[in-house]
Structures are given as structure tokens and as C-alpha cells.
Amino acid sequence: MSRTGVTRRSRLGVATAAASLVLTAAVGGWAAHEVLAPPADALDTAPHVLVDARSGSVERSLTLNTAAEWTASQTLSNQATGTVTELLDDPGETKSVGEVLYTVDLRPVVVAEGGVPAFRDMGRGTEGEDVAQLQRMLIDLGHYGGPDNGVFGAATDAAVRSWQSQAKVSVDGAVRHGDVVFSPTLPARFVLDTDVAVGAMFTGGEPVVKLLPDAPSFSITMTEAQARMVEHGMTVVIDHPSGSWTARVDDVVAAEEGTDFVAVLDGVDEAPICEESCGDIPTDEPLLLSSVIEIVPKTEGVVVPTAAIVTDAEGATGVVTETQTFQPVTVVASADGMSVVSGIEAGQRVQVPGEYEAR
């Protein structure tokens with residue numbers, strides 16, 4: 001082989017090697033750029049699609065248990081002494097003037113209206129507001145036609161004897177201070193302390209009669225995440241055996257214990273939540289009822305994906321049509337990625353995701 005051939009071959013090898021180095025460097029630089037470059041924003045690279053606005057509805061709700069519970073508004077004291085011989089037939093029932101709460105030594109203890117508690121025996125010559133309260137009870141029961149002047153005279157004595165005869169107790173004209181429990185308001189619902197039972201001994205002064213409010217309280221216990229979705233005024237539909245009740249969220253507060261939250265419910269238009277069925281709710285323990293909180297009430301109209309809604313440079317809300325035109329809309333309601341809007345018609349095509357640059 002000639003020296004010239006060797007030289008040419010060597011030069012060709014050097015050139016090839018140099019070209020290979022240049023190509024390797026170029027490929028390596030491209031690879032480094034691709035590896036080290038930040039990932040592309042999916043929203044920048046994702047193609048837009050066109051969807052039809054359609055007639056429909058959106059809604060969102062939360063299903064939880066509502067607790068209906070009676071809480072005593074006031075506790076009244078018993079003043080009778082002896083053995084309990086009979087209790088309320090139906091705890092929580094409404095009692096009116098003169099009705100029996102329980103009996104002690106077979107003597108009935110009745111309820112009457114008044115702000116002064118029974119604190120003494122009353123008979124001929126006794127005077128005071130407690131006597132006036134007794135006189136009003138006797139008027140309501142039809143035994144007394146005189147004035148409620150707080151003076152226990154002959155007419156009041158005769159009325160008491162008539163009342164005692166009807167109640168089938170000893171007729172002596174004297175009212176023992178254990179015969180009557182005065183309640184600040186009547187008619188009202190009453191329950192007795194859970195420790196009170198037939199055969200128990202009363203010594204007088206025991207706080208055993210519990211006055212219940214007009215209606216039980218209604219509340220929903222929830223987690224912090226759920227509480228963040230619930231706001232004042234939201235509608236709550238409560239299921240019960242004979243139908244459903246409608247309530248409103250009045251407030252959401254932290255529970256007294258633990259990390260839970262409590263939504264306090266109220267009736268609509270100041271009416272009791274349980275309407276005419278409050279007496280069906282037990283007084284001894286909370287009643288749990290399945291309920292639905294309307295986070296987003298069912299709203300009907302023209303529906304578009306929420307991702308289609310954009311804001312222009314001036315802060316106006318709208319959608320981008322298939323002709324790249326900004327169409328102003330008003331968002332009426334949104335839930336689960338869809339929105340009801342006004343300002344466009346069903347069948348109109350909009351861009352998703354929405355993107356608009358003013359020209």
C-alpha cells in the first residue's frame with residue numbers, strides 16, 4: 001500500500017472521528033436540554049376542545065344525621081314529703097292548669113301557673129302572691145268566682161274545699177305547699193328526673209320536675225371539612241317516620257369536646273322544626289334522623305363546564321365561543337365541575353379549557 005493511500009485513509013478516519021464527536025456533542029446537548037428542561041405546563045400544551053352548552057341542572061348536598069333532643073329550660077322543685085305512689089303516664093306530654101304530675105302517699109301533686117314557687121301551707125288568713133296564684137288556678141278550674149287579690153278568705157276556703165272534694169282528698173280547706181308545683185308558663189311539657197320512681201321517698205325540696213321548651217333542639221355533628229361547606233341559611237331536609245321537615249342552618253360552632261363541629265338548626269319562619277309532631281320525639285334520649293343539607297340547591301338552566309368560564313382583562317366573567325369570541329355570562333350556581341350560567345343559549349359551543357386574550 002502506498003504512503004499516499006495511508007495518509008488519505010488516516011485523514012478520512014480523523015474526519016469521521018471529528019464528525020462523530022460533533023454529532024455526539026449535538027445529541028448530548030439536545031438530550032441534556034430535554035432532560036434538564038422543566039416539564040411543559042399541561043394547560044399550555046393541552047388542546048382546546050369545544051363542547052355544547054346544554055339545558056340541565058347542578059346541585060350538591062351532604063347527607064348526615066340530625067339529633068332531635070329535649071333540653072329542660074327550667075327545673076322545678078317538689079315540696080311534698082312521703083312515698084311516690086304514681087308518676088306521669090306519658091313523660092313529655094303537655095300539662096295544663098290543675099293536671100296531676102305525680103302522687104305522694106296517694107295525694108295528687110298538681111301544676112299551676114305562677115312565678116312564685118310553693119313555699120308554705122296556705123289557709124284562712126294567708127296573704128301573698130302565692131295565694132293569688134292559687135286563686136287563679138281555682139278560677140280556671142271553675143271552683144272560684146272571686147278576685148285574685150291574694151287574700152285567703154271565706155270564698156277561697158270554700159273554693160279549696162270544692163277542689164279537694166273533686167280530687168278525692170281530705171276536705172279541710174287547707175292547701176299544703178306540697179300539693180301544687182307552680183310553673184312560670186302553662187300549658188307546658190314536663191318530665192320527671194330519671195332518678196324518680198314509684199316507691200322513692202321524697203323529703204321535700206328535690207329538683208325533680210323538668211319544664212321542657214315548646215320544641216326540642218335540632219343539631220348536626222360534622223367534621224371540620226364538612227363544616228367548611230356549610231353556611232348560615234342553608235336548607236336542611238329532615239326525614240322522619242311520617243314524612244319530612246324543613247329546617248335552616250342557624251349557626252355552625254365548634255363542639256364542646258373533640259374536634260367535631262355542630263350545625264345548629266332552626267325552623268322556617270320561626271315555626272318549630274317538628275311542626276305538629278314534636279310530641280312524637282322521645283324525651284329520654286336524642287332521636288337521630290337522616291337529613292340532607294343542600295350545599296348547592298338544585299338549580300336549572302344552561303350548563304357549561306366550570307373550566308370553560310374565564311375572566312377578561314377588565315374582570316368580566318364569560319366564556320370563549322368557537323369563533324374565539326368572548327361572550328359575557330353570569331354564573332348562577334356551580335357544583336362538581338359544572339356551572340349553570342345565564343347569557344348564552346343551549347346548543348352554543350364553548351371552548352374548554354377557556355382561554356381568552358383581548359386583541
Side-chain angles (χ1 to χ4, degrees), residues 59-76 86-102 109-113 140 181 183-197 208-222 226-227 229-253 255-256 260-298:
E59 63 181 320
R60 188 178 188 186
S61 62
L62 191 61
T63 301
L64 295 169
N65 284 330
T66 291
E69 183 176 13
W70 292 96
T71 303
S73 60
Q74 188 174 346
T75 301
L76 310 176
E86 186 180 359
L87 299 177
L88 285 169
D89 293 333
D90 185 12
E93 68 178 335
T94 299
K95 293 288 187 179
S96 299
V97 174
E99 293 195 72
V100 178
L101 296 175
Y102 51 91
V109 178
V110 304
V111 63
E113 189 170 18
D140 290 338
V181 172
S183 169
T185 181
L186 286 177
R189 298 180 188 274
F190 296 93
V191 293
L192 301 180
D193 190 277
T194 54
D195 292 334
V196 178
V208 298
V209 183
K210 296 181 179 181
L211 175 62
L212 300 180
D214 294 335
S217 62
F218 288 78
S219 62
I220 301 176
T221 300
M222 59 187 64
Q226 292 167 335
M229 295 187 288
V230 179
E231 298 178 356
H232 169 79
M234 285 183 172
T235 299
V236 182
V237 179
I238 304 170
D239 291 332
H240 63 95
S242 57
S244 63
W245 298 316
T246 301
R248 295 281 186 270
V249 175
D250 182 58
D251 197 7
V252 180
V253 298
E256 294 182 0
D260 289 336
F261 285 75
V262 176
V264 180
L265 308 185
D266 203 357
V268 179
D269 298 329
E270 299 183 357
I273 293 175
C274 43
E275 301 170 350
E276 302 299 323
S277 303
C278 294
D280 297 335
I281 298 175
T283 59
D284 54 346
E285 61 182 0
L287 176 65
L288 296 181
L289 301 166
S290 178
S291 307
V292 176
I293 304 174
E294 296 181 355
I295 305 299
V296 178
K298 185 176 182 179

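Quick note: numbers below take in every heavy atom, side chains included, and nothing from hydrogens, waters or symmetry partners. For reference, positions follow the sequence shown, starting with 1.
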Please assess Asp250 against His232 for the test side chain to side chain contact (heavy atoms under 4.5 Å, CB included), listing each intermediate value before the final yes or no.
CA-CA 5 Å; Asp250 182 58; His232 169 79; 4.1 Å; yes
For the [atom1] atom of [X] and the [atom2] atom of [Y], what is their distance to the nearest 0.5 Å?
| X | Y | atom1 | atom2 | value |
| --- | --- | --- | --- | --- |
| Ser244 | Ile238 | OG | CD1 | 9.0 Å |
| Thr221 | Gln226 | OG1 | CD | 10.0 Å |
| Ile273 | Leu289 | CD1 | CG | 10.5 Å |
| Leu64 | Leu288 | CG | CG | 11.5 Å |
| Leu192 | Lys210 | CG | NZ | 9.5 Å |
| Arg189 | Trp70 | CZ | CH2 | 4.0 Å |

Close side-chain approach of Phe190 and Leu211, heavy atoms under 4.5 Å
yes
So do the side chains of Ser96 and Leu186 get within less than 4.5 Å of each other, counting heavy atoms only?
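Contact flag for Ser96/Leu186 side chains = no.
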Are there over 12 heavy-atom neighbours, none belonging to Arg248, within less than 6.0 Å of that residue's CZ?
yes
Given side chain to side chain contact (heavy atoms under 4.5 Å, CB included), test Met222 with Met229 step by step and report yes or no.
CA-CA 11 Å; Met222 59 187 64; Met229 295 187 288; over 6 Å; no
With under 30° as parallel and over 60° as perpendicular, where do the rings of Trp245 and Phe218 fit, or are they tilted in between?
perpendicular
